[in-house]
Amino acid sequence: MLQQDQITRSTDYDALACRFSCHLKRYLQDKYLEAIISGTLKYQLLAIDSEYKRLAVRRQLSKQFFGLFDGSGKAKLTSKLPVVLKSPVINRGTWIRTRAIDLVLDKWLAAKAATPVQIIILGCGSDTRGMRLLENNSNLTVVEIDFEETCRIKKYSILDQQLLRSVVGAQPEPEPTTVEQFNASSAALDTPRYHLVPLDLRQLRSMTQLPAVDPSLPTLVLSECCVCYMEDVESDRVLQFLRENLVEAVLVVYDPIGGNSPGHYGEIMLKNLSMRGIQMPSLLKYSTIEKQHERLQKLGFESTNVSDLSYIYSHWIPEDELAAINRLELLDELEELNLINRHYCLIVSSWGSTWRLPLPSQI
Ligand SMILES: C[S@@+](CC[C@H](N)C(=O)[O-])C[C@H]1O[C@@H](n2cnc3c(N)ncnc32)[C@H](O)[C@@H]1O
């Protein structure tokens, strides 16, 4: 795997650490999270073939998940160990991102409750949203896609824990014990309602690469911070491919946007990301909700809504829920939260059916 792709893959650990912090602070309830973290840490370390690299990764993961490692390198949550929590502003940002996506998915699923449906999650990483959705929607099939290495770690994390196995409907399998066995094993997992598909999305050219997907079923495609890591032509190709091949679908994309003010947020963000070797090619090109909207129109997504997360924060969340969130921890940096939220957007686009986003939108 290219080093650049390894770096892109590692962004999943940032997302996971943020969700973990939100979970511990009670912003989000996720009964699958500790199980997936435990497996992710265990198999991420098993996948590494040199002691030196393992130490480096262990150090990096320990920083994010401190308190989850015991002396043996296994991960488990013990109340005696300290855990690194994120700042209130990061927790609030992670919460609104998750809540906004959940709201759209819940509305769509409620409208489609009487019919079999599927959700395709692009760049699923270690996210457990697919599991929560499977638990609550018996008409749903979930297809998750990520790089092979990420899928392999997720697959064995699932197989390792009864809680995760049972929600996706998987049977236990013998576990690879050496790094060679582990890295040579299949990264795919297929059960009647859950499919984990190892695929570099930039290579997606034919529906035969997605045999688990039924193009005629009502489908929701979610990209939560995934397509932003691809070159524009590559992410455009992925989106257009899905637009052309799925008959009745909704696309939901959560992405950062760079903004257009001088010395703007996007430039600072790119500088911070580049210090870690992370590239985000579309950040400055599709830097506003208007540009994101225009991009999708050009790609053939006629019915598209785009809002920034600041708008969603103040227009989608009921007052009593916001009040409950405000009570979780003190947040002094309201200005900073607004600034951050204005630099993330949620795109919802539908085709092939009359379903439209039933929530207010900036565009
Ligand atoms: C920031 S993480 C987000 C993970 C998850 N969607 C979430 O929000 O928690 C980005 C994910 O996209 C995946 N990804 C990026 N480019 C990809 C590609 N070309 N093919 C498959 N997965 C990709 C990464 O491996 C990583 O798991």
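The chain is numbered in sequence order, starting from 1. Whatever order the structure lists ligands and atoms in, that order sets their numbers, starting from 1.
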Salt bridge (Lys or Arg N to Asp or Glu O under 4.0 Å) involving Glu336 - partner list, sequence neighbours excluded: none
Test applied, side chain to side chain donor-acceptor pair (under 3.5 Å); reference residue, Gln118; option that passes from Asp214, Asn139, Thr219: Thr219
Side-chain donor-acceptor pair present, Ser126, Thr40, cut-off under 3.5 Å: no
Sequence-distant partners of Glu224, salt bridge (Lys or Arg N to Asp or Glu O under 4.0 Å), two or more places apart: Arg97, Arg129
Salt bridge (Lys or Arg N to Asp or Glu O under 4.0 Å) involving Arg193 - partner list, sequence neighbours excluded: none
Salt bridge present between Asp5 and Arg9 (N-O < 4.0 angstrom): no
Amino acids in close contact with ligand 1, where any non-hydrogen atom sits under 4.0 angstrom away: Thr8, Arg9, Thr11, Asp12, Ala15, Arg19, Arg97, Gly123, Cys124, Gly125, Asp146, Phe147, Leu199, Asp200, Leu201, Arg202, Glu224, Cys225, Cys226, Tyr229, Met230
